[in-house]
Amino acid sequence: MNRLKKKDLLTLGFMMFSVFFGAGNLIFPPALGQAAGTNTLSAMLGFMTTGVGLPLLGIMAIALAGGEYVQLLKRRTFPWFATALLVILYLIIGPLFAMPRTGAVSFEIGIRPFVGAGDVTLPQVIYTALFFGASYYLSLNPNKLIDRVGKMLTPALLVVLVILFLRTFWSPMGEVLAPTGVYLESPYAQGFQDGYQTMDLLATIAIGALVVNAVRYRGVTDTRTIGKACLAAGFITVFLMACVYGSLAYLGATSVTVLGHSENGGQLLAEAVRIFFGAAGNVLLALIIILACITTCCGITSSAAMFFHKLFKKKISYERLLLFSTLFSFGASNIGLTQIIALAVPFLVAIYPLVIVFVILSLFDRFIGWRKSIYQGAVLVTLAFSLTDAMHAAGFGSAAFYEMLAAHVPFYGVMMGWVCPALAGAVLGFIISLGQKAPAPKEA
């Protein structure tokens, strides 16, 4: 069989959406809307650039590569760079940050309101044990994940979200007020950076591999057909994500007159649904959080375990790696949501520009062809600036040095100083390629 039915493509799209849509997707857009106020539209355009647009470009790149995206990364850059980037990427979206965050967020927002104001250590341990136990079970057979997630959990999640959003638009809590903080002067740039926190572009490579495996499991072997299936599922995913992000941001923007400025998006959501639905609101929010987080955890757990299974040349079984990452995430999820988010920021600032640059270049791989020096020049220069930004985000380095960069490097002041250097690195790589000879075509 070399074709997928429309029903299968829809299931693929639902599965991809449910794996993308997790903890960060729920808590960051409403917080953005509340802080951006009347500038919410501009800020959301920036947020959707990194949270929707770039993941779509990543899905398109995977589709153009016929699903063989990891191999393309290795061929076009350096073996050491590709391996290091993928290891860090899978650790970030896996057991180090994204997986623990799913357990911590779902407990803090979905369960904690039911356990009172006392010591929550034991309830949190019990809940996260059940949460990661369920994730482990669902991820044991990745080939069946598409059916378990795409057909069962995602429709339930969407129904709950639609109920919340209909109530939000039918009767908003209040008026949209003036923006605050950095959203006053540079809402788009701040929204662009906020989109990093979703980790969606990083997850694209892992989720793309998961979808490719799911398509192959259904008997499709043709590379072009696999690419088309990935692209079709990607369009379904980003459409749903854009609708959800916009609705959540609107919820946040209209909440200030009633709730004031909340400490985080989780608290905002909890208070909003309590006002909209009373006691039933807590139950509704718990359903949203748990469904969103467990589906995301299933996808990234499975993808990370499969990656390291292949990296270690299958000497460590997929099941053992899955168990290890699940146990580690269970422990990390109990250190606290705030600590997880704070630790993740420097890593995201370091790796995100590298993935953005490679994804954009790979869209033009057909024209770049054998000139891999273009890729190499761009990623090496980007690496230097992204590591500098990561040190800055972590609070290390000289303030005078960062002020000098902000004064002389375009966009550095809004943490996007890597953009022009990346372009310069690609141009330098092209110039270098002019002195190289194209490899001889391989014999058939």
Side-chain angles (χ1 to χ4, degrees), residues 46-47 49-51 53-55 57-58 61 72-86 88-89 92 182 185-186 188-197 199-202 204-205 344-365 367-436:
F47 187 90
T49 300
T50 43
L54 290 178
L57 293 182
L72 181 67
L73 174 64
K74 292 179 178 178
R75 290 198 308 268
R76 293 296 188 254
T77 58
F78 307 93
W80 63 266
F81 174 84
T83 300
L85 181 67
L86 289 169
I88 295 172
L89 184 150
I92 289 175
V182 290
E185 296 182 355
S186 53
Y188 179 87
Q190 185 59 40
F192 189 93
Q193 294 171 50
D194 291 341
Y196 286 2
Q197 293 279 4
M199 304 186 193
D200 284 342
L201 179 61
L202 305 186
T204 298
I205 295 176
V345 171
F347 289 89
L348 294 174
V349 171
I351 196 173
Y352 238 95
L354 295 168
V355 179
I356 291 173
V357 168
F358 182 78
V359 165
I360 292 175
L361 287 176
S362 67
L363 291 173
F364 301 95
D365 188 72
F367 304 99
I368 295 174
W370 59 269
R371 302 176 189 272
K372 64 180 182 180
S373 58
I374 295 176
Y375 284 92
Q376 294 171 346
V379 298
L380 286 177
V381 175
T382 303
L383 177 62
F385 277 84
S386 65
L387 289 178
T388 302
D389 284 342
M391 295 290 288
H392 190 182
F396 299 114
S398 167
F401 175 67
Y402 296 130
E403 289 175 3
M404 181 196 70
L405 289 176
H408 295 90
V409 178
F411 312 123
Y412 190 86
V414 292
M415 301 293 283
M416 293 175 65
W418 53 270
V419 173
C420 291
L423 181 60
V427 173
L428 178 61
F430 175 74
I431 294 173
I432 291 173
S433 73
L434 296 178
Q436 300 172 336

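A quick note: this is a predicted structure, and the numbers were derived from the prediction, not measured. Count residues from 1 along the sequence.
- Going from atom CE of Met199 over to atom CG of Leu348 covers 4.5 Å, rounded to the nearest 0.5 Å.
- Closest approach of Tyr196 and Pro353 over heavy atoms only: OH-CG, 4.5 Å.
- For the atom pair Ile356 CD1 and Leu54 CG, the distance stands at 5.0 Å (nearest 0.5 Å).
- In this structure the side chain of Val379 never reaches within 4.5 angstrom of the side chain of Leu383, judged on heavy atoms.
- A 4.5 Å side-chain heavy-atom check between Thr50 and Leu201 finds every atom pair outside the cut-off.
- Other residues, nucleotides and ligands contribute more than 12 heavy atoms inside 6.0 Å of the CD atom of Gln436.
- Applying the ring pair (Phe, Tyr, Trp, His ring centres under 6.0 Å) rule to Phe358 yields the partners Tyr69, Tyr375; only residues at least two apart in sequence or on another chain are considered.
- Classified by interplanar angle (parallel below 30°, tilted 30° to 60°, perpendicular above 60°), the ring pair Tyr188/Phe192 is tilted.
- Screening Leu434, Ile432, Val427 for a side-chain contact (heavy atoms from CB on, under 4.5 Å) with Phe430, the sole residue that qualifies is Leu434.
- Within the 4.5 Å cutoff, the side chain of Arg371 has heavy atoms near those of the Ile368 side chain.
- Here the closest heavy-atom approach between residue Arg75 and residue Lys372 is recorded as O-CD, 3.6 Å.
- Counting heavy atoms of neighbouring residues, nucleotides and ligands inside a 6.0 Å radius, atom CZ of Phe347 does not exceed 12 of them.
- At least one side-chain heavy atom of Tyr412 sits less than 4.5 Å from a side-chain heavy atom of His392.
- Counting all heavy atoms, side chain and backbone alike, Gln376 lies closest to Arg76 at CG-O, 3.8 Å.
- Rounded to the nearest 0.5 angstrom, Ile88 CD1 and Thr83 OG1 are separated by 11.0 Å.
- Counting only heavy atoms from C-beta outward, the side chains of Val409 and Met404 never approach each other to under 4.5 Å.
- The side chain to side chain donor-acceptor pair (under 3.5 Å) test applied to Tyr352 returns no partner, not counting sequence neighbours.
- Residues satisfying the side-chain contact (heavy atoms from CB on, under 4.5 Å) test with Ala82, not counting sequence neighbours, are Leu73, Lys74, Thr77.
- For Tyr402, there are no side chain to side chain donor-acceptor pair (under 3.5 Å) partners two or more places apart in sequence or in a different chain.
- Checked against side-chain contact (heavy atoms from CB on, under 4.5 Å), Glu403 has no partners two or more places apart in sequence or in another chain.
- Here the CG atom belonging to Leu405 is positioned 4.0 Å from the CZ atom belonging to Phe401, to the nearest 0.5 angstrom.
- Closest approach of Gly429 and Ser373 over heavy atoms only: O-OG, 2.6 Å.
- From Ile92, atom CD1 reaches atom CG of Leu202 across 6.0 Å, with rounding to the nearest 0.5 Å.
- With a 4.5 Å cut-off on side-chain heavy atoms, Phe81 and Leu380 do not count as touching.
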Going by atom type alone, with no hydrogens or angles, which donor-acceptor pairs under 3.5 Å involve a side-chain atom of residues 419-426 and a protein atom two or more places apart or on another chain?
none

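- Under the 3.5 Å distance criterion, the side-chain polar atoms of Thr382 are left unmatched by any main-chain donor or acceptor of Trp418.
- Considering only heavy atoms from C-beta on, Val349 stays 4.5 Å or farther from Gln193 through its side chain.
- Asp200 and Pro55 get closest at one heavy-atom pair: CB-CG, 3.7 Å.
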